Number of protein chains: 2
Amino acid sequence: MQLVERTSPRKQQIEKQATVLFKSKGYAASSMRDLAQALGIEAASLYSHIRSKQQILHKICFEMAREFFKAIHKIDEITPVLKLQAAIASHFKVITRHPNATAVFFTEWRHLEEPALTEFLALRSQYEQYYIDTIQQGITAGNFKNIDHKLAMMTILSAINWTHQWYRPTGKLSVDEIADQLSQLLINGLGNTSK
Amino acid sequence: MQLVERTSPRKQQIEKQATVLFKSKGYAASSMRDLAQALGIEAASLYSHIRSKQQILHKICFEMAREFFKAIHKIDEITPVLKLQAAIASHFKVITRHPNATAVFFTEWRHLEEPALTEFLALRSQYEQYYIDTIQQGITAGNFKNIDHKLAMMTILSAINWTHQWYRPTGKLSVDEIADQLSQLLINGLGNTSK
DNA sequence: CCTACCGATCGGTAGG
DNA sequence: CCTACCGATCGGTAGG
C-alpha cells in the first residue's frame with residue numbers, strides 16, 4: 001500500500017529536461033514540441049505525464065523556493081555577522097546543488113500565472129525579510145555600518161544569485177572558497193584595511 | 001539637405017513602447033499585435049516604420065551597450081579606488097537614466113539572433129574586462145584584498161545591475177546617495193570596522 | 001505513447 | 001496606416 005504519492009520516473013525525466021530547456025531558451029520561447037523532441041517522443045505524449053507547461057514552471061519555482069527557505073531554517077548562529085555569513089553560504093550552496101532549476105527560478109518566475117505569481121512574490125518578500133532583519137540586528141548591535149537595509153539586502157542577494165551565471169563546478173575555486181570570498185567581499189569589502 | 005539619417009518621431013514612439021512591453025512581458029512573450037494595440041494601430045502598420053521585432057531588440061541592446069561604454073570612457077581618475085567608485089556611480093546612473101531600456105538589455109539580450117548575439121557577448125566581456133583590470137590594479141597597488149578578480153567583478157556588476165529591479169525615482173534615497181552607499185558597501189563592506 | 005487534429009496566435013507581406 | 005491574408009507554430013485534446 002503506497003500512501004505517499006510518488007512522481008513517476010518518466011515525469012521526473014520530463015521535468016528535468018524542461019528545466020534545462022527553460023533555462024537555455026526561456027519559458028515563453030520553449031515549446032512543448034522542443035521538449036518532446038529532446039525526449040524522443042511526440043508532443044501529445046507529454047500530456048500523459050504532465051498537466052501543462054505552466055504546471056512544470058510552477059513546480060520548479062515553488063520547489064526552489066522551498067529549498068531556499070530550508071537553507072535559512074537550518075541556521076542556528078546567533079550573532080548577526082555569523083548569521084549573515086551562514087545565510088550567504090547556504091544560499092549559494094542551493095544554487096550549486098540545483099544550477100538549472102535555480103536559473104529558471106531566478107529568470108522565469110514572472111511567467112507564472114495568477115494566483116501563483118502573487119503567492120511567489122509573497123514568498124520572495126518573506127525570504128528577503130530574513131536578510132533585512134539580520135542586517136537590522138547587525139546595525140543595532142554595532143556590527144554593521146548604518147546603511148539602507150533594503151539596499152544592503154538587495155546587494156547581497158543579487159551578488160549571490162548572479163553566481164548561477166558564472167559558477168562552474170570545474171572552475172578553479174571550490175564551492176567553499178567561493179562562499180568564503182563572497183562573505184568576505186560583502187561583509188568586509190574589497191578594500192584592504194590592513195594597509 | 002539632410003545628411004544625418006534621423007529617426008522619425010513615430011519610429012521612436014514605437015521603439016519606446018516596445019521597450020516598455022519587452023520589459024514587462026519579456027521579448028518572446030510580447031507580440032507585435034500587443035505592441036500595435038498599445039499604440040492604437042494595426043500590427044501590419046508597424047512595418048511601415050520598423051523592419052522586424054528582432055531589429056527593435058537589437059537597437060535597444062546595442063544602444064545601451066554604447067551608453068555603458070560611454071560612462072566608462074569618461075572616467076579620468078587614476079587610483080584604482082577612485083576609478084572603481086567612479087565606474088560604479090556612472091554605471092548606476094546609466095540605469096537610472098534608461099530604466100526600461102537597461103532592463104531589456106539585462107534580461108532579453110539572449111533573444112538576439114546571430115551574429116548579433118556573439119557580437120553582444122564580446123562587448124560584454126570587453127566591458128567586464130575594465131572592472132577586472134581595475135581590480136587587478138588595486139590588488140597590485142595594495143589597495144584591494146587579494147580576491148578572485150572575476151568573482152569581485154561579478155559581485156560588483158550584479159549588485160549595480162540589480163538596482164534596476166528595486167530603484168524608484170520616488171524612493172527615499174537619491175541617485176547620488178545610492179551610488180555612494182553601493183560604493184561604500186562594495187569597497188568597504190557592510191562590517192563596521194570602527195568598532 | 002501514437003495519429004490526427006482543434007482553434008488561436010504568431011511575425012510578416014501584398015497591395016493599396 | 002488599413003484590409004486581407006500567408007504559412008508556421010503554438011498548447012492542448014480525443015480517441016485509441
Side-chain angles (χ1 to χ4, degrees), chain A residues 6-62 104 107-117 120, chain B residues 6-62 104 107-117 120:
Chain A
R6 302 231 198 161
T7 304
S8 78
R10 195 52 164 158
K11 186 173 180 181
Q12 281 181 32
Q13 205 175 30
I14 291 170
E15 288 165 347
K16 189 177 174 184
Q17 194 61 244
T19 307
V20 172
L21 189 65
F22 291 171
K23 179 186 178 175
S24 73
K25 301 186 65 167
Y27 177 78
S30 298
S31 79
M32 297 306 272
R33 283 160 178 84
D34 289 337
L35 177 56
Q37 198 178 21
L39 292 157
I41 58 176
E42 292 300 316
S45 306
L46 293 167
Y47 294 89
S48 309
H49 303 95
I50 55 112
R51 212 170 309 167
S52 66
K53 184 184 174 186
Q54 175 70 201
Q55 194 200 28
I56 301 177
L57 178 66
H58 185 283
K59 188 164 182 179
I60 296 168
C61 290
F62 285 84
V104 173
T107 62
E108 307 302 324
W109 59 265
R110 64 186 174 142
H111 293 110
L112 286 169
E113 291 165 6
E114 295 290 6
L117 182 59
F120 181 87
Chain B
R6 301 232 199 160
T7 305
S8 77
R10 195 50 166 160
K11 185 173 180 182
Q12 281 181 33
Q13 205 176 29
I14 290 171
E15 288 165 347
K16 189 176 174 183
Q17 194 61 245
T19 307
V20 172
L21 189 65
F22 292 170
K23 179 188 179 173
S24 73
K25 302 186 66 168
Y27 177 78
S30 298
S31 77
M32 297 307 270
R33 281 158 180 85
D34 289 337
L35 176 56
Q37 198 177 23
L39 291 158
I41 59 176
E42 292 299 317
S45 306
L46 293 167
Y47 294 89
S48 309
H49 303 94
I50 55 115
R51 210 171 310 169
S52 66
K53 185 185 174 186
Q54 174 70 201
Q55 194 200 30
I56 302 177
L57 178 66
H58 185 283
K59 189 164 181 178
I60 296 168
C61 290
F62 285 84
V104 173
T107 62
E108 307 302 326
W109 59 266
R110 66 188 173 141
H111 293 109
L112 286 169
E113 292 165 5
E114 294 293 5
L117 181 58
F120 181 88

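Order of the sequence lines sets the chain letters (A, B, ...), proteins ahead of strands, with each chain counted from 1. This structure is a prediction, so every number in the text was calculated from the model and none was measured.
Residue A:Ser31 has no polar side-chain atom (N or O) positioned under 4.0 Å from OP1 or OP2 of D:dT9. At D:dC2, one or more side-chain N or O atoms of B:Ser45 fall inside 4.0 Å of OP1 or OP2 (strictly under the cut-off). A sub-4.0 Å separation between OP1 or OP2 of C:dG11 and a side-chain N or O of B:Arg51 is absent. Applying the 4.0 Å criterion to OP1 and OP2 of C:dG12, one finds that B:Arg33 has every side-chain N and O outside that range.
Mapping A:Ser48 and A:Ala28 onto DNA chain D via the closest heavy atom, the residue that lands nearer the 5' end is A:Ala28.
With D:dG11, C:dC1, D:dT3 as the choices, the nucleotide that has an atom nearest any side-chain atom of A:Lys53 turns out to be D:dG11. Comparing C:dC1, D:dT13, C:dG12 against the side chain of A:Ala44 picks out D:dT13 as the nearest.
Remark: C1' of C:dG11 and CG of B:Leu35 are 12 Å apart, rounded to the nearest angstrom. Remark: C1' of C:dC10 and CD of B:Gln37 are 15 Å apart, rounded to the nearest angstrom. Residue A:Ile56 contributes atom CD1, which lies 13 Å from atom C1' of D:dG12 at whole-angstrom precision. Atom CD1 in B:Ile14 sits about 15 Å away from atom C1' in C:dG11, given to the nearest Å. In this structure, OH of A:Tyr47 is placed 17 Å from C1' of D:dG15, rounded to the nearest angstrom. Per the geometry, CE belonging to A:Met32 stands 14 Å off P belonging to C:dC2, to the nearest Å. Remark: P of D:dG11 and CD of A:Glu42 are 14 Å apart, rounded to the nearest angstrom. Summarising the geometry, the separation between CD1 on B:Ile50 and P on C:dG11 is reported as 10 Å, rounded to the nearest angstrom.
The side-chain heavy atoms of A:Thr107 and B:Thr107, taken from C-beta on, include no pair separated by under 4.5 Å. A:Phe120 has its side chain out of reach of A:His58: every pair of non-hydrogen atoms, C-beta onward, lies at least 4.5 Å apart. Side-chain contact between A:Leu117 and A:Trp109: present, with at least one pair of heavy atoms (C-beta onward) separated by less than 4.5 Å. In this structure the side chain of A:Leu35 reaches within 4.5 angstrom of the side chain of A:Gln17, judged on heavy atoms.
A donor-acceptor pair under 3.5 Å is absent between the side-chain atoms of A:Lys25 and the main chain of A:Ser31, judged by distance alone.
Summarising the base pairing, C:dG16 is matched to D:dC1 through a Watson-Crick or G-U wobble pair whose two defining distances lie under 3.5 Å.
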